Amino acid sequence: MLSEHVVEQDVAMLPAAVDGEREDRPSDRYVVAARRDGEEDGLRLAVPAGALVPRVTYRVSGWVAVQASVAGSTAARFAPEWPAAGWRLINGTFRLNETPRGTTAVHVHGAPAGVDVKVMDLRVFAEDRKARFRQLKDKTDKVRKRDVVLTFGVGAGVAASIVAGAAVRVVQMDNVFPLGTCINGSYWTEAQRGQLNYRDADALLDFCDRHGKPARGHCIFWVVDGDVQQWIKDLGRDDLAAAVQGRLNGLLSRYAGRFPHYDVNNEMLHGRFYRDRLGDDAAALMFREAARLDLGAQLFVNDYNVECANDPNATPEKYVELVDALRRGGAAVGGIGIQGHVSNPSGEVICDALDKLATTGLPVWITELDVGEPDVSLRADDLEVVLHEAYAHPAVAGVVLWGFMQGRMWRQDASLVNADGTINEAGQRLVDLRREWTSDARGTVDGDGNFRFRGYHGTYVVQVTTAAGKTLKTFTVDKGDTSLVVDMAN
């Protein structure tokens, strides 16, 4: 039964409510939930039976504003996730496993009692991922590709035998966009005080070095109370401060120059263990000391749910505020990690989060990507959504999977490779995307002695075939707004 302070609005009364369309500007028509007794009072958007179907990702989108309606209520009670003035766009996603019986509803609530909630243009959309991918195609082309001109100067080194009409084959050998996975041995390097174990970390890092693979360091500290070793929790303030400095000195000195990235203090949007015990400067101090001990490492913040629009503790705005606070404390923040433990993702929601994080000017990495979905076909679709958004966004500098093998992952129903070693549908989708994002050009040298193509950033080998034989040359296509000219004569 509805509270008397819940406003019910039928979806049919809102234009274009379930039709996959979206208006760019709000309509200025809104409803108000007033005299609210609790956080669950608000707006309920009723969706008629038959309007929603299983296995489809739906996005909820609308504009929300709040204002105090009871004497003594202050903006401080509900800032920043409920700003006291102005309209804020909210987004969320859901997916049904079975056909709903009767009418279902979407609720907007969460502000404290005594706060009026105004809701405008609340709609439910069926996500069209293929249409979204088409929208991203030009964006991806601009962000990840470059025009290339291979020039064959007759009589300048290669020989005059290379003339117009010579056959050219250009093959991309590697993409410079990093796509990797986590590898892990034992969980702690110091599970018990004073009992250090770097053996597993050394072995894993040596494995990466042998195969020429750079590795991220995850993580120096973990700030969530439930993930802090008990012996650390038992320390007094002075001993804890000494333990923090000892951890920094021991780890960073041992591996200086070997890890290009470190996640310094994991999940600061969800925990305050060190700040609560050592003061607000504790987190910035960790960054300052890490920078001093390993000058070449990029130092990252790292957190979860930032890209999902489902966690009031982990909004992109709060993440930006955290980065700004660390910088004011002298922290050399070098990158932003969003973990990417996703379910039924929305491309537009992810893009919105990336746009906001990009305002920091820092590179963004998806550091722990996995997609939890029992239906492997939907898992493949969801994985493709995340990867397309990441690859199309100029702020994203790399992606790390949080494992891929069935039975060896943190989340169930997220594997890309079955336990018997066969690639499942989700894994094949990743393989297909890697192939799609690899350039392969063929043709002939034109009358001006040039061969032109547009290719993804990465390393290439070109083969030129003439009557005199075949010539091979390697080159790299890096980022740039102008055409890259490769002199085949040198």
Side-chain angles (χ1 to χ4, degrees), residues 1-70 73 75 77-128 305 308-315 343-346 348-349 352:
M1 183 175 179
L2 286 179
S3 161
E4 62 177 311
H5 304 312
V6 173
V7 177
E8 184 171 18
Q9 178 75 57
D10 190 87
V11 70
M13 299 177 65
L14 294 173
V18 187
D19 62 358
E21 298 295 330
R22 176 179 175 179
E23 296 179 0
D24 293 330
R25 293 179 296 179
S27 67
D28 295 329
R29 298 172 57 203
Y30 60 87
V31 294
V32 181
R35 303 189 309 279
R36 299 171 55 259
D37 291 335
E39 292 185 356
E40 294 188 1
D41 289 342
L43 177 83
R44 187 173 80 171
L45 177 70
V47 183
L52 303 176
V53 297
R55 296 172 54 83
V56 172
T57 298
Y58 291 95
R59 177 167 53 88
V60 182
S61 180
W63 296 86
V64 174
V66 295
Q67 63 185 30
S69 61
V70 175
S73 294
R77 292 184 60 195
F78 47 90
E81 56 269 352
W82 290 100
W87 290 95
R88 174 179 174 181
L89 180 66
I90 59 171
N91 277 295
T93 65
F94 67 92
R95 179 187 291 154
L96 301 176
N97 294 324
E98 58 186 24
T99 302
R101 297 178 180 180
T103 300
T104 56
V106 173
H107 295 257
V108 178
H109 52 62
V115 174
D116 290 353
V117 177
K118 299 188 291 185
V119 181
M120 178 167 52
D121 299 343
L122 187 66
R123 297 183 177 89
V124 180
F125 305 89
E127 290 279 276
D128 186 341
N305 287 349
C308 296
N310 64 0
D311 185 347
N313 294 314
T315 65
S343 300
N344 49 271
S346 163
E348 289 200 0
V349 172
D352 180 66

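By convention here, the first residue in the shown sequence is residue 1. Treat the numbers as computed from the prediction; the structure is a model and nothing was measured.
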Quick one: are [X] and [Y] in side-chain contact, heavy atoms under 4.5 Å?
| X | Y | answer |
| --- | --- | --- |
| His109 | Glu39 | no |
| Tyr30 | Val119 | no |
| Ser346 | Arg59 | yes |
| Ile90 | Ser61 | no |
| Val64 | Val117 | yes |
| Leu122 | Leu43 | yes |
| Lys118 | Trp63 | no |

Looking at [X] and [Y], would you say the former's side chain and the latter's main chain have a donor-acceptor pair under 3.5 Å?
| X | Y | answer |
| --- | --- | --- |
| Asp121 | Ser27 | yes |
| Asp352 | Glu348 | no |
| Arg29 | Met120 | no |
| Arg88 | Val66 | no |
| Thr93 | Tyr58 | no |

What is the minimum heavy-atom distance between [X] and [Y], and which atoms define it?
| X | Y | result |
| --- | --- | --- |
| Ala65 | Gly86 | CB-O, 3.4 Å |
| Ala105 | Arg44 | CB-CG, 3.4 Å |
| Val349 | Ala309 | CG1-CB, 3.6 Å |

query: At what distance, to the nearest 0.5 angstrom, does CG of Asn310 lie from OG of Ser343?
result: 8.5 Å
- request: Give, for atom CG of Asn313 and atom CG of Asn305, the distance between the pair rounded to the nearest 0.5 Å.
  value: 9.0 Å
Check residues 50-57 and write down every donor-acceptor pair under 3.5 Å in which the side-chain atom is one partner and the other belongs to a residue at least two apart or another chain.
unit_1: Arg55; atom_1: NH1; unit_2: Asp375; atom_2: OD2; d: 2.1
unit_1: Thr57; atom_1: OG1; unit_2: Arg95; atom_2: NE; d: 3.3
unit_1: Thr57; atom_1: OG1; unit_2: Arg95; atom_2: NH2; d: 2.8

